[in-house]
Asks: 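This structure is in structure tokens; I'll ask about it shortly.
Numbered from 1 within each chain, the chains take letters A, B, ... in sequence-line order. Heavy atoms only: backbone and side chains are in, while hydrogens, waters and symmetry mates are out.
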Amino acid sequence: MTDHDATETLAEAVRAAYGAAAPIEIVGGGTRRAFGRAPIGTPLSVAAHTGIVEYDPNEFVVTVRAGTPIGRLEEILARERQALAADVPRAGAASTIGGALAIGLTGPSRPFSGALRDAVLGVRLISGTGEVLRFGGRVLKNVAGYDVSRLMVGAYGTLGLILDVSLRTAPRAEVTEVRDVALNWPSARAALRRWEGGLPMTGACYTEGVLSVRFAGRTERVAAACRIMGGESGDPALFTGLRDLQGAFFARPGDLWRLLVPPDTPWDPPETLIDWAGAQRFWRVAGDPAAVLACAARSRGQAMRLLGTDRSRGPWGAGVPATMALMGRIKAAMDPRAILNRGRLYPDW
Amino acid sequence: MRRLKRILPADGLLQKSADVAVYECDGLPVYRARPLAVALPRTVAEVGRVLALCTEYDIPVVSRGAGTGLSGGALPHPRGIVLALSRLDRIVSIDPDNQVARVEPGVRNLAISEAARPFGLFYAPDPSSQIACTIGGNVAENAGGVHCLKYGLTTHNVLALKFFDSGGTLHEAGGPTGEAPLDLCALLTGSEGLLGVVVEITVRLRPRPPATVAWLAAFRSLQEAAASVREVISQGVIPAGLELMDGLALSAAQDYTGIPYPEGAAAVVLAEVDGDDLAVALDSERLRAVFTAQGAFAIERAARDEDRRRLWLGRKSAFPAVGRLAPDYYCMDGTIPRRSLVPVLTEIGALSRRYDLPVANVFHAGDGNLHPLILYDAAVPGQLERVEALGADILRLCLDCGGTISGEHGVGVEKLDGMCAQFTAAELAIFHALKSAFDPYHVLNPGKAVPTPARCVEPGGMHVHGGRLPFARLERF
Ligand SMILES: Cc1cc2nc3c(=O)[nH]c(=O)nc-3n(C[C@H](O)[C@H](O)[C@H](O)COP(=O)(O)OP(=O)(O)OC[C@H]3O[C@@H](n4cnc5c(N)ncnc54)[C@H](O)[C@@H]3O)c2cc1C
């Protein structure tokens, strides 16, 4: 695959769509089309817009075109012994960085190294009127203007077509180890709290009586951490599976829900998989989601449906009307004719 | 006014000029204005009612925390009121098990860490003004601090917000992990009081690191010191803080605190590493190696709390210390890529000589966030204008090397012209559209942070300099 700047072609396409008020579905690698509601519109592929715009390893910042496959980006970073600062999920080999940003999920290292949106320093995007705009920058601190870059992350492509993104990178870990130990959930939580800030954790998940922790970093620290935790050697694929929503748990039937809760929330029914040291819980639900919603309400958390058969339901439930109206006005500010991924996040935009 | 008075507690509305006087400016006193009145609500509900009333009568509202802002963000509107949130200062809850604190906007930054201390936790973003500034002001400015290199800015540490839009409708944004369909918290953070009035903030607390060691490395040239900063990061060490002070700042700090720096130091770099003992030992080893290789002629280490405080004292009191060197100083704020530290600092030195105005540099070097302090005397006619011209030149330098006009102090009224240089008309139009989404009648802090398109095409602004258009390589208007 070669580097290619497709800005002009893409902007032209969006301008035409704006002129005709004809909705478009933004497609990257096409590996995440099952996320969100089924959008209305003609597909517009960003997959040809690829390559590194700027990468200075000493700055720990990379600026990359949105159509670049994540795997390819990681290869380029790996040559400099670096990795993306956030744990970016991929749904397949073709998964692009732009698609990852639009869906906005972060893998298991989220509580330790931050969310995907925390790694975003700036974006260049095409607005719903077809204009090419730049927000944020390539430096670590920047408070000029509203933070439109972060706003783009997790908006399911409804606010703009992401062209390029500047992301923070981090030194690649020397070694990675996974340890498993059998514990009940309250003891597992207590242990995680003790280790946080001290041990080099990059993942902590819990299922069916076993706490699994991933350590990564310098050889000496990881070795010390493994000694402190004890238990036995675990399977690293557990964590990459969690990141990419793949593996035995995710292969089960039913809709896939995620609950975002205070990490200390008790362990609910056995079909739950706890990630993010307690803050994220995956549920498989067949049919009526009342139990998930009740659990979210009890713990003052949020429930989000990631994947499911009924594509008329969105990832997020309807919020308070006044706030929904405010979000609708934000959408209109970025995409006045609602042509970008119409219906993907909410039915009316 | 009568209706406003009824909404507020008995002592909650200031109108007498003597009472209002302290609210005339923030931490950038070159801009002053007298508001119609100052409202001091005690409850969230009162804030909502004040806003609804002001929108009804089209009265501009300028929110204010502690007034320590350095870009004129809390400068009053002459036809409006100041909405002072300092009395909403309750820590609603600290939840040590989930490591979060829920606080009202008037709580001082440091008070959060103090309240969390008994649980072994702290709130990481620590602006130098942390004894005084409020968390509401921190959210509005997306404040940073010495420890932001490792722990992130305000935006990375806010999980949820409650805020009023201009009509007085309360919204809740974020959640236990900060996830949301549209990240309203991110929009509000750094919005300088233009999009909403924040009335409750849920912040993330972190465990206090078991070990912390501070390092000081002294160099014979500013360039060597700046180069070492870049090298530290390149080596993969992310210190909790990485700061630089130049010779002028050092001598001022030394006179102020009485704590000497190594004789002959043209600049020092301060670095702090934290974590468990092993992490600190490993990072310390690398720091020492880098500093030595980069030509440091003296290196000091401080592990005990008291010694660390001593090592940091000069840095923490650098602003007041520099303030004693001249009747006035102007604190600039811009960010550049670390690779440009050496050339930009060299160029600032040259500009300082050309304008004949001393400039001291004390700044967050690890994240490339410059704070040149320009020394001057406002009583000398023409000096302030020269300072502003020098400041504009410095910001232009930042932009030319791919940086930004504000790293953490915000745009306020001070940098409206800089915004014209950093953003295109179409980008500014998006900012205005977003503003209108939250505040259709432009009641909240009108005229700040985002310039009108008209202002940007006026000649004489910073983008027309010496008759030629700078930033020629950028596509700007
Ligand atoms: C000596 C000194 C050192 C400093 N060091 C740093 C530093 O290291 N890092 C840094 O980032 N800054 C620093 N600052 C700048 C300043 O302290 C920060 O910008 C701080 O966040 C301002 O908080 P405040 O409560 O004083 O806000 P104010 O100055 O009162 O207000 C700032 C802005 O926020 C708005 N605002 C205030 N409260 C609310 C609210 N509840 N809802 C909506 N809008 C609101 C105001 O309208 C205004 O636009 C320093 C300032 C001084 C004087």
Asks: Look up atom OG1 in Thr155(B) and atom CZ in Arg150(A), then write down how far apart they are to the nearest 0.5 Å.
Replies: 3.5 Å
Asks: Under a 4.5 Å heavy-atom cut-off, does chain A meet the side chain of Asn142(B), its backbone, both or neither?
Replies: both
Asks: Find the one option among Ala211(B), Gly275(B), Gly366(B), Ser191(B) whose heavy-atom pairs under 4.5 Å with chain A are most numerous.
Replies: Ser191(B)
Asks: Non-hydrogen atoms of chain A under 4.5 Å away: do they reach the side chain of Arg204(B), the backbone, both or neither?
Replies: side chain
Asks: Below 4.5 Å, heavy-atom pairs only: which of Gly334(B), Pro209(B), Ser234(B) has the largest tally toward chain A?
Replies: Ser234(B)
Asks: Please classify the contact of Tyr151(B) with chain A as side chain, backbone, both or neither, using a heavy-atom distance under 4.5 Å.
Replies: neither
Asks: So which of Ser149(A), Pro263(A), Ala325(A), Ala332(A) has the biggest tally of heavy-atom pairs under 4.5 Å with chain B?
Replies: Pro263(A)
Asks: To the nearest 0.5 Å, what is the distance between CG on Asp367(B) and NZ on Lys141(A)?
Replies: 4.5 Å
Asks: If you tally heavy-atom pairs under 4.5 Å against chain B, which of Val143(A), Thr129(A), Val153(A), Ile330(A) wins?
Replies: Val143(A)
Asks: May I ask you to decide whether Arg193(A) forms a salt bridge with Asp97(B), counting only side-chain N to carboxylate O separations under 4.0 Å?
Replies: yes
Asks: What are the two closest non-hydrogen atoms of Glu220(A) and Leu278(B), and how far apart are they?
Replies: O-CD2, 3.6 Å
Asks: Once rounded to the nearest 0.5 Å, what's the spacing between atom CG of Asp183(B) and atom CG of Leu151(A)?
Replies: 7.0 Å
Asks: In Å, rounded to the nearest 0.5 Å, how long is the span from OG1 of Thr404(B) to CZ of Arg138(A)?
Replies: 13.5 Å
Asks: Rounded to the nearest 0.5 Å, what separates atom CD in Gln99(B) from atom CG in Asp264(A)?
Replies: 9.0 Å
Asks: Is Arg117(A) paired with Glu179(B) through a side-chain N to carboxylate O contact shorter than 4.0 Å?
Replies: yes
Asks: Can you tell me which portion of Ile430(B) sits under 4.5 Å from chain A's heavy atoms? Options are side chain, backbone, both or neither.
Replies: side chain
Asks: State the CD-CG distance between Glu408(B) and Leu140(A), to the nearest 0.5 angstrom.
Replies: 12.0 Å
Asks: Relative to chain A, which of Ala433(B), Ala437(B), Gly152(B) shows the most heavy atom pairs under 4.5 Å?
Replies: Ala437(B)
Asks: Look at Gly144(B), Ala180(B), Gly236(B) and state which one has the largest set of heavy-atom pairs under 4.5 Å with chain A.
Replies: Ala180(B)
Asks: If you take all heavy atoms of Glu54(A) and Arg339(B), which pair is closest and at what distance?
Replies: OE2-NH2, 3.5 Å
Asks: Are Asp277(B) and Arg221(A) close enough for a salt bridge, meaning some N to O gap below 4.0 Å?
Replies: no
Asks: Mind ranking Gln280(A), Glu131(A), Met327(A) by heavy-atom pairs under 4.5 Å with chain B and telling me who comes out on top?
Replies: Met327(A)
Asks: Please confirm whether Phe438(B) and Tyr146(A) have ring centers closer than 6.0 angstrom.
Replies: no
Asks: Is it the side chain or the backbone of His364(B) that comes within 4.5 Å of chain A heavy atoms, both, or neither?
Replies: side chain
Asks: What is the minimum heavy-atom distance between Pro181(B) and Tyr346(A), and which atoms define it?
Replies: CG-OH, 3.3 Å
Asks: Check whether Ala279(B) gets within reach of chain A through its side chain, its backbone, both or neither, counting any heavy atom under 4.5 Å.
Replies: both
Asks: Return the option, out of Arg300(A), Arg189(A), Arg110(A), Met304(A), with the maximum number of heavy-atom pairs under 4.5 Å with chain B.
Replies: Arg110(A)
Asks: What part of Ile336(B) is in contact with chain A, defined as an atom under 4.5 angstrom from a non-hydrogen atom: side chain, backbone, both or neither?
Replies: backbone
Asks: Looking at Arg329(A) and Asp439(B), is any side-chain nitrogen of the basic one under 4.0 Å from a carboxylate oxygen of the acidic one?
Replies: no
Asks: Mind checking whether Leu345(A) and Leu182(B) have side chains closer than 4.5 Å, heavy atoms only?
Replies: yes
Asks: Name the option with the most non-hydrogen atom pairs under 4.5 Å to chain A; the candidates are Val450(B), Ile233(B), Val411(B).
Replies: Ile233(B)
Asks: Pick one of side chain, backbone, both or neither for Asn157(B), based on which atoms fall under 4.5 Å of a heavy atom in chain A.
Replies: neither
Asks: What residue, out of Gly278(A), Ala279(A), Gly145(A), has the most heavy-atom pairs lying under 4.5 Å from chain B?
Replies: Gly145(A)
Asks: Decide, yes or no, whether a salt bridge links Glu196(A) with Arg206(B) under the criterion of side-chain N to carboxylate O below 4.0 Å.
Replies: no
Asks: Quick one: closest heavy-atom pair of Arg218(A) and Arg286(B), and the distance?
Replies: NE-NH2, 3.1 Å
Asks: At a heavy-atom separation under 4.5 Å, does Pro337(B) approach chain A through its side chain, its backbone, both, or neither?
Replies: both
Asks: Using non-hydrogen atoms only, which part of Leu153(B) is less than 4.5 Å away from chain A: side chain, backbone, both, or neither?
Replies: side chain
